[in-house]
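Reading through the structure tokens given below for one structure.
Computed over heavy atoms, backbone and side chain alike; hydrogens, waters and symmetry mates excluded. Note that the numbering runs from 1 along the sequence shown for the chain.
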Amino acid sequence: MTFRSLPIEFDAYGRAHLRDEDAVAPFSVDGDPRIQRALNREKALEKLADNQHVRDFNVSPVTRVSGNLSVHAVIDFEQRRVLDARIENAQFCGYELLVKGREPSDAVHLASRARGTSSVAHTIAAAMALEMSCGVTPPPLAILARNLGACGEVLGESAHHLFLLAGPDYSEAAISRTSLSLWGKAQKTPAPGVNVHGLDTIADVMRGLNPLSGHLYLESLQMMRLSREIVTVLLGKYPHPSAVVPGGIGVEANKESFNQVLGRVNTLLDYAKKVTAIWDDLVDFFYDAEPRYRRVGELPGNLFSVGLWDDPESYDASYTNCNGWGQQRLSMPGVMINGELRTSRLSDINIGIEEFIDHSFYKSWEGELFDADPLSGPLSPWHPWNKQTVPAPQERNWRERYSWAAAPRWDREPMETGALARMWVNTLNANSNCEFITTGRRSMDIALPKGQQPAMSVRWLIPERPNTLERIRARAYQLAYAGIVAYANLLQAFDYVRRGETHISRRFRVPDKTTIGVGFWECGRGAVTHHLSINERKLMNYQIITPSEWMGSPRDAVGMPGIYEAAIMNTPLLEECARSEDLTGVDILRTVRSFDP
């Protein structure tokens with residue numbers, strides 16, 4: 001069964017329809033048993049207010065994240081656990097309002113400003129949404145160039161996250177302050193991957209992660225520069241690439257530019273060999289030293305990926321064929337609920353999306369623009385093609401409205417997206433679209449070619465459950481994944497150039513009729529979707545859902561916490577301190593930063 005909470009089912013041909021065609025309000029949330037469970041939980045928390053060991057723990061703002069986040073948690077210091085958590089996104093972007101009523105082509109460059117570090121993903125998603133609504137398909141070489149630009153961004157984001165944002169939480173500076181016994185073990189523990197990364201002990205790895213001075217920290221800056229140069233060579237500039245347009249790209253992609261990219265990709269592939277060994281050693285050390293680290297940031301396994309890196313011969317930009325070209329992506333789409341793969345069809349993924357604003361600084365909107373997608377699949381009134389952005393700024397109230405983020409859900413479940421979701425979904429999908437990647441029942445092998453370092457294969461294993469450390473390990477393997485996809489795309493690009501197929505754009509025209517489109521793409525931190533509608537050749541509505549919104553959302557219409565909130569609530573406080581006043585909350589902060597918000 002694809003949907004269990006939404007009133008949608010499928011016929012024998014896979015076509016979606018409402019379970020009860022005569023229902024007056026088929027998508028109503030009334031009667032959902034989770035509403036009462038959420039109320040019971042609130043009452044239980046109120047009873048604990050007088051407990052002397054229960055107190056508030058606040059971090060505002062959370063540093064080393066890209067967004068403007070605050071954490072409000074209720075902790076029981078005696079039991080060393082988190083009882084409740086709320087995440088506030090204090091930043092209103094409002095890009096949906098900026099593009100409304102404008103020329104459709106303006107969306108590409110305006111919407112990319114939704115997030116600078118993920119601007120390639122937003123630019124491509126906007127271009128794809130326009131290609132779908134206007135019926136234009138880019139030439140194959142343009143698709144490969146966009147793929148390569150996206151690889152560059154994912155590579156740079158991954159190095160940035162592993163060593164500048166999340167990495168310092170595992171450095172000598174952090175560990176020696178918050179877990180002295182762990183630091184003592186690290187100094188005595190040999191690093192199993194010494195032959196790959198050259199570091200003798202786990203303590204040496206931790207020293208390398210020291211912010212501003214550690215050699216691993218400093219090395220990542222150089223690798224980020226190489227990654228961003230890949231984007232600049234092919235897509236004009238970074239951030240906010242200027243050369244992506246609906247129907248292709250606006251720069252010449254030729255043998256010389258692809259050769260420039262190849263040199264950088266080879267260096268980054270060697271780097272990926274080192275990085276996977278470093279984080280394998282570090283994660284395994286934490287588990288061996290203290291098994292309870294497996295519970296830090298643990299979640300049941302609601303994973304969401306829309307995929308990226310299109311096949312140049314399959315992608316036709318149409319919604320009608322989106323399930324076909326989605327299956328040919330080098331990173332395939334898929335949705336898992338509680339560890340079970342529900343679907344890998346983009347159309348199913350799309351109709352299952354809703355956005356709730358019950359605990360956000362927005363007003364409800366009036367009316368429903370579309371009741372079905374182009375394949376006649378039913379759409380909720382809270383689907384992005386129907387959602388309107390109506391800001392309603394007000395004083396924060398942790399029990400009512402407390403964030404500028406909406407609450408996206410799939411089948412009314414909070415969803416985790418990002419590197420862990422991509423690796424897991426592609427393994428379960430047995431993705432064989434890249435010649436250098438093979439999958440087993442619970443493993444993925446990535447064959448990395450010889451560069452300055454010998455050729456080697458790295459193996460990622462599906463963990464028992466998602467947790468903080470496994471998110472970071474998956475991000476390390478994402479370096480290898482994105483690097484080898486770039487390598488495979490370069491081989492294809494050289495082949496197209498050799499055959500003389502060098503067109504890089506096709507003209508697009510905005511139709512006179514009302515049309516809709518959606519761009520499905522991903523950045524390093526997770527899924528990016530852009531939904532738009534065009535009327536009288538102007539943008540009638542535009543909705544962006546970012547990874548930080550998927551995971552950093554507040555409570556939804558039935559009281560379910562967002563992914564960051566749920567992960568914090570499942571986190572034991574393992575920090576070594578005798579008094580609650582001395583608590584730094586490093587376990588909470590590690591959990592938040594593991595998502596790269």
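- Here CZ of R555 is found 10.0 Å from CD1 of I87. Values are rounded to the nearest 0.5 Å.
- Counting only distance, with no hydrogens or angles, the side chain of R422 and the backbone of E522 share no donor-acceptor pair below 3.5 Å.
- Here side chain to side chain donor-acceptor pair (under 3.5 Å) pairs that include residues 90-108, with residues two or more places apart or in two chains, are K100-Q388, R102-D106, E103-K538.
- Open room surrounds CZ on R507; 12 or fewer heavy atoms of other groups in view lie less than 6.0 Å from it.
- Partners of S347 under the side chain to side chain contact (heavy atoms under 4.5 Å, CB included) rule, at least two apart in sequence or in another chain, are Y319, C322, N323, R345, L375.
- Summarising the local packing, NZ of K255 is surrounded by 12 or fewer heavy atoms from other residues, nucleotides or ligands at distances under 6.0 Å.
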Derivation and outcome, ring-ring contact (aromatic ring centres under 6.0 Å, His included), residues F92 and F361:
CA-CA 9 Å; F92 172 64; F361 300 137; 9.9 Å; no
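- E153 places a side-chain N or O within donor-acceptor distance of the main-chain N or O of S119, the cut-off being under 3.5 Å.
- Applying the side chain to side chain donor-acceptor pair (under 3.5 Å) test to every pair with at least one member in residues 355-365, sequence neighbours left out, gives no pairs at all.
- Screening residues 314-336 for salt bridge (charged side-chain N to carboxylate O under 4.0 Å, His left out), with sequence neighbours left out, gives D310-R329.
- Around the CD atom of E366, the shell of radius 6.0 Å holds no more than 12 heavy atoms that belong to other residues, nucleotides or ligands.
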Check against salt bridge (charged side-chain N to carboxylate O under 4.0 Å, His left out), K387 and E549
CA-CA 15 Å; K387 177 178 177 280; E549 201 164 34; 5.7 Å; no
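- Counting only residues at least two apart or in different chains, ring-ring contact (aromatic ring centres under 6.0 Å, His included) contacts with residues 544-565 comprise F304-W550, Y564-F595.
- Other residues, nucleotides and ligands contribute more than 12 heavy atoms inside 6.0 Å of the CZ atom of R537.
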Cut-off 3.5 Å, no hydrogens considered: what does the side-chain donor-acceptor table look like for residues 378-385, sequence neighbours left out?
unit_1	atom_1	unit_2	atom_2	d
S380	OG	E354	OE2	2.6
S380	OG	W382	N	3.0
H383	ND1	W385	N	3.0
H383	NE2	N350	O	2.9
H383	NE2	N350	OD1	3.3
W385	NE1	G517	O	3.1
W385	NE1	L532	O	3.3

